[in-house]
Structures are given as C-alpha cells and as structure tokens.
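This report concerns only the one structure given below.
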Number of protein chains: 2
Amino acid sequence: MSLISAVESDENTGSLTSRAYNNLREDIIEGKLEPGTKLKVEELRKRYGIGASPVREALSLLTSDGLVDRIDQRGFRVAIVSKEDFADILKARCWLEERALRESIKNGDTEWEESVVLAFYRLSREPRSIGSEGAFLTNPDWENLHKTFHQKLIAACGSPILLEFCDRLYDQNVRYRNLAGSASYPRRDSQLEHEHIMQATLDRAEDLAATRLVDHYRQTGKFLEK
Amino acid sequence: MSLISAVESDENTGSLTSRAYNNLREDIIEGKLEPGTKLKVEELRKRYGIGASPVREALSLLTSDGLVDRIDQRGFRVAIVSKEDFADILKARCWLEERALRESIKNGDTEWEESVVLAFYRLSREPRSIGSEGAFLTNPDWENLHKTFHQKLIAACGSPILLEFCDRLYDQNVRYRNLAGSASYPRRDSQLEHEHIMQATLDRAEDLAATRLVDHYRQTGKFLEK
DNA sequence: TTTTACAAAAAAATCGATAAAACTATAGTT
DNA sequence: AACTATAGTTTTATCGATTTTTTTGTAAAA
C-alpha cells in the first residue's frame, strides 16, 4: 500500500499540475529542498518533464500553503525558515488544536471515539525509524499514521475550516522537524504522550486532554533550537 | 486616495497575474459574480485582455483563498455558498478572533492602543452607505476602515499566521454579507458595538472584550438566513 | 577602492497555438 | 419513451516560443 500505490497515484493520477504540486510539496516538507532555494521554472520544467504553465500553477498553489515564497516579477523560492516562524507555527498550532480538541470532545460520537482508538493502535504498531541498526531514518508510514492520529483527535470539532488550518500547520511543523535533521529528532516518550492524550480524550476530560496535547506539542517544539 | 490610487495600483502595478487576481478577488467578494458561476479561462482572457497563463494562475491563487472552487480537469468556478459554510466561517472566526483579541490585549503596547483608537475614530466618521436618499449603497471606504478597525484590535496578538487566517475569514464573511444583499444589511447599532468592544479592549478587560467581539459577530451573523 | 553605467545573459512572465478531456446533441436501438 | 453509442463541439490543460524584467559582469568615472 505504502510505496507503490503512493507512487502510482502521484505519477499517474490527475493533471500535470497536481502531480507537480504533490511532488514539490513532498520534497519541501521532507526537507529535501533547502529553504531559500530558488525554484526556477526552467529547471523544474526539465526535472518533471512538463511545461512552464503547470509548474507555475503548482508553485502558486504551494505559495498559499506557506511552503513557497513568491516575489512578483522575480520568481519563486522554497519558503525560508526562521526561529520566529517556527515559534509562530507552534503557537498557532497550540491555539487552534486546543480549540479543535475541546470541540471534538464535546461533539464526538461513538464512531469518532473508535476512529481515535484505531488510529492510535495503528500508530503504536509502526516503528518510527526504518534505519537499520541504530541509524535513524524516518519511516514514511509512521509519518502518515502519526498525522492521521492527530487528525482523528480533532476530527469531530465540527469545523472543516479549522481542520484545514490545522492541517496546514501540521505540515509546516513536520517540515521544521525534518529540517532539524535526525539528530534532534527521535523522542522516546512520544508514544506514551499519545496514549495519555487519547486517554483523556476518550474520558472526555476536556481540560486535561487539552493540556496534554499542548504540552505534547511544546515538548516536540523544544528540540528545535538551532 | 480611495478610488484613483486604488485603480492605479490595480491597473498599472505588478504582474498581469496579480492584477487579474485582485480584480477577480474583488468581484467575488463584492458579490458581483454569482456563486457557482463557471469561470472560463477563455472568457476571462478576453475580459482582462490577457493570456491564459496569468488567468489560470490567478484562479489557482483564489482557490486557496476559498473564493474559487477548482475541479481537476473541469475548470474553475466561483465558490459555492451554503448555510453550513457560512455557519462554519462564523464559528471559526469567533474562535480565532477571540484568541487573537485576548493575546492582543495581553501583549499590546501603547502604540497599539493608539492605533485602535485611531482606527475607530476614522471608522466612526465614515458613512456606511453612499446611496443618495435612503437607498442603501455600500461605501467602499467604510468597508476598508471597518476591516482595518477589526485588524487593529487583534494586531498585537503576536502571531502573523493567526492574523492571516483571520484575514481570510474576514474576507469570506464580507462576501456573504454582500451576497445577502442590501436588504438585510445595515444594522444601526453596529457602531455602538464597535465602541464597546474598543472600550473593553483598552481597559484590558479580556473576558468582556472577547464576549463583546464574539457577540458582535454573532449579531451580524443572525441576519443572513435565506 | 568604491561607485556608476551599461551591455550581455539569465530568468520570469506572458502569449498564441495545440492536444486532451469533458460535454452536447443526435441518431439508432430496445 | 427511455437508453446507449457516437460524432461534433466546447473547454481545459498543456506546450513551445516570445517579450519583459531582473541579474550579472565589466569597465569607466570618481
């Protein structure tokens, strides 16, 4: 499921624009593209074997995701990073997700509860790293399951718009994680934190769940000082 | 300042893409373009006297603003509206702006206070309608000053990201207001509400200010049932 | 050495045309 | 009359080439 279908759906599905969009997006989030790198249309054109229009369109789309900076008349570049920006992402994330989690706890039904449990279970079974023997190599499956878990927690908040904002912030945050490198990356107690968040959530202990979630984010945030 | 320079900066500045973007954006927010209207590249091309590429790029940008819907392989259309969507905008707006206002009150300095006072004063001096003799015709200057006032209130929240989200929601909300038509539009006590919000804000009465702001939004929201 | 001016090169923005896909209308079939 | 297949039409998506704008490099002037 993971690799092949992912590649297939990326490579064969939809317009060239959306393919370029997905590819670029992934490369930026995964940190393969250095922040600030100039994104020359001509180069990308060659890289993906497509014309200039789809490339520009994809870049325009990425601009609104906060992953690409655009300056009128002088092109696109991979969004630059900064301590301040990261701090802002973290802050905004805490605010929005806290709200979303609280609402989710208020409104969520049984089906929602179960989807949270399931997402947690799946996440718990996936190794975080696929590096052989000690070496850390981020596991894309874990990455997906982790995102899904956090999405499920807040999925019942009742606001598609809020969820979209959270999604965007999540991706930006992952980008910073990836850029920080494997050095600071693996935190061993993260899985336990997930469990505690889930526990409080299922108990409908709003305040406790919110506190734990926000602490969880702050915790991961502390790592990235560079 | 208002008309001429606005026209000038729209018509002569920047790339064709951004000009098309600004024009379309305005037309959609002002409600000149019916929700669901097909946005055919060919038509827009002629309308603005430009090529297909800038048109598509502008449309891509508007997509991420939530003002245009795009369906892969079958083009763009003016974002559809719905009761649910409006309710969501209102809800999300209350959540985000409440947070933003609270933070702003916590962090704002004297300069910020003064900018709020100034924005309020300017708003208070501008008539809401420019329709002659009873007829209601929305005043673009008022519209700008109103937006500025609400921006200033939360400007000191310390999170550019949050401000961007609020901005986007504000615009979407204005769109609904404009679509609802002049019928339901003018609320006479709105100016008084602004004053009360400002008062509580300047007094750093966090809870009170937040309540008033949210009530203010809910109030305007009640009008749009159709 | 720093500044300025200008020409050459590179890149961005845009255009006009073509290929591909989706829609429409029509005619034939059940 | 309802359904299906198909040819023709419209619209979208994409390309390759052209025009503008920015950047770079070099040499003259201060």
Side-chain angles (χ1 to χ4, degrees), chain A residues 7-28 33-80, chain B residues 7-28 33-80:
Chain A
V7 167
E8 274 185 2
S9 64
D10 275 1
E11 305 295 290
N12 305 329
T13 284
S15 54
L16 297 186
T17 294
S18 42
R19 273 157 52 185
Y21 171 78
N22 287 326
N23 286 326
L24 269 168
R25 184 161 181 284
E26 204 166 305
D27 287 349
I28 294 174
L33 288 167
E34 193 79 8
T37 308
K38 197 114 208 334
L39 291 168
K40 294 182 207 152
V41 176
E42 188 57 22
E43 272 177 22
L44 298 173
R45 229 182 55 63
K46 283 179 204 149
R47 168 122 80 102
Y48 296 117
I50 61 180
S53 321
V55 168
R56 298 198 111 248
E57 245 172 85
L59 290 169
S60 297
L61 257 12
L62 288 163
T63 297
S64 338
D65 291 344
L67 295 173
V68 164
D69 291 337
R70 147 185 240 161
I71 309 175
D72 225 28
Q73 230 88 40
R74 79 195 53 167
F76 304 86
R77 53 185 59 224
V78 179
I80 57 167
Chain B
V7 167
E8 274 185 5
S9 63
D10 275 2
E11 304 297 288
N12 305 328
T13 285
S15 56
L16 297 187
T17 294
S18 42
R19 273 157 52 185
Y21 171 79
N22 287 326
N23 286 326
L24 269 168
R25 187 163 180 284
E26 205 167 304
D27 286 349
I28 294 174
L33 288 167
E34 193 78 8
T37 308
K38 196 114 211 331
L39 292 167
K40 293 183 207 151
V41 175
E42 188 57 21
E43 271 177 23
L44 298 172
R45 228 182 56 62
K46 281 179 204 148
R47 168 121 80 105
Y48 297 116
I50 62 181
S53 321
V55 168
R56 298 198 111 248
E57 241 173 90
L59 289 170
S60 297
L61 257 12
L62 288 164
T63 296
S64 337
D65 290 345
L67 296 173
V68 164
D69 291 337
R70 147 186 241 159
I71 309 176
D72 225 28
Q73 230 84 42
R74 75 195 55 167
F76 304 87
R77 54 183 59 225
V78 179
I80 56 166

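The chains referred to below are lettered A, B, ... by the order of the sequence lines, with proteins before strands, and numbering in each begins at 1.
- Protein atom CG of B/Leu59 is 15 Å distant from nucleotide atom P of D/dT11, rounded to whole Å.
- Remark: B/Arg74 pairs with no residue by the side-chain hydrogen bond (donor to acceptor under 3.5 Å, both in side chains) rule, at least two apart or across chains.
- Listed pair B/Thr17 / C/dT14 meets the phosphate criterion, a side-chain N or O lying under 4.0 Å from OP1 or OP2.
- Ion pair B/Glu42/B/Arg45 flagged as a salt bridge, since at least one NZ, NE, NH1 or NH2 atom sits closer than 4.0 Å to an Asp/Glu carboxylate oxygen.
- Following rounding to the nearest Å, B/Glu42 (CD) and C/dC15 (P) show an atom-to-atom distance of 12 Å.
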Any chance you could lay out the side chain to side chain contact (heavy atoms under 4.5 Å, CB included) test for A/Ile71 and A/Phe76, step after step, and finish with the verdict? CA-CA 6 Å; A/Ile71 309 175; A/Phe76 304 86; over 6 Å; no
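- Distance CG (B/Leu16) to P (D/dT18): 19 Å, rounded to an integer number of Å.
- The side chain of A/Arg45 lies closest to D/dG16 when the candidates are D/dT14, D/dG16, C/dC15.
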Would you mind building the protein contact string for nucleotides 18-24 of chain C? One character per nucleotide, 5' to 3', B for base within reach (heavy atoms under 4.0 Å), S for sugar-phosphate only, - for untouched. ---SSS-
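- In the set D/dT11, D/dT14, C/dA12, D/dT14 carries the atom at the smallest distance from any side-chain atom of A/Ser53.
- Neither side chain, A/Ser60 nor B/Ser60, offers a donor N or O lying under 3.5 Å from an acceptor on the other.
- Ion pairing between B/Arg47 and B/Asp27 holds under the 4.0 Å rule for side-chain N and carboxylate O.
- Residues B/Ser18 and B/Ser15 have side chains that bring a donor and an acceptor to within less than 3.5 angstrom of each other.
- If you take CZ of A/Arg77 and C1' of C/dA12, they are 13 Å apart, rounded to a whole angstrom.
- What separates CZ of B/Arg70 from P of D/dT12 is a distance of 12 Å, to the nearest Å.
- The distance between atom NZ of A/Lys40 and atom P of D/dT23, rounded to the nearest whole Å, is 12 Å.
- Remark: P of D/dC15 and CD of A/Glu57 are 11 Å apart, rounded to the nearest angstrom.
- Looking at which nucleotide of DNA chain D each of A/Ile50 and B/Glu43 is closest to, the 5′-most match is held by B/Glu43.
- Contact annotation: B/Lys38 side-chain N/O to D/dT10 OP1/OP2 distance is not under 4.0 Å.
- Salt-bridge annotation for A/Arg77 and A/Glu34: absent, with no side-chain N of the basic residue lying under 4.0 Å from a carboxylate O of the acidic one.
- Taking the side chain of B/Pro54 as heavy atoms from C-beta on, and the options D/dT12, C/dT14, D/dC15, the nearest nucleotide is C/dT14.
- We find that NZ of B/Lys46 is positioned 12 Å from C1' of D/dT10, with the value rounded to whole Å.
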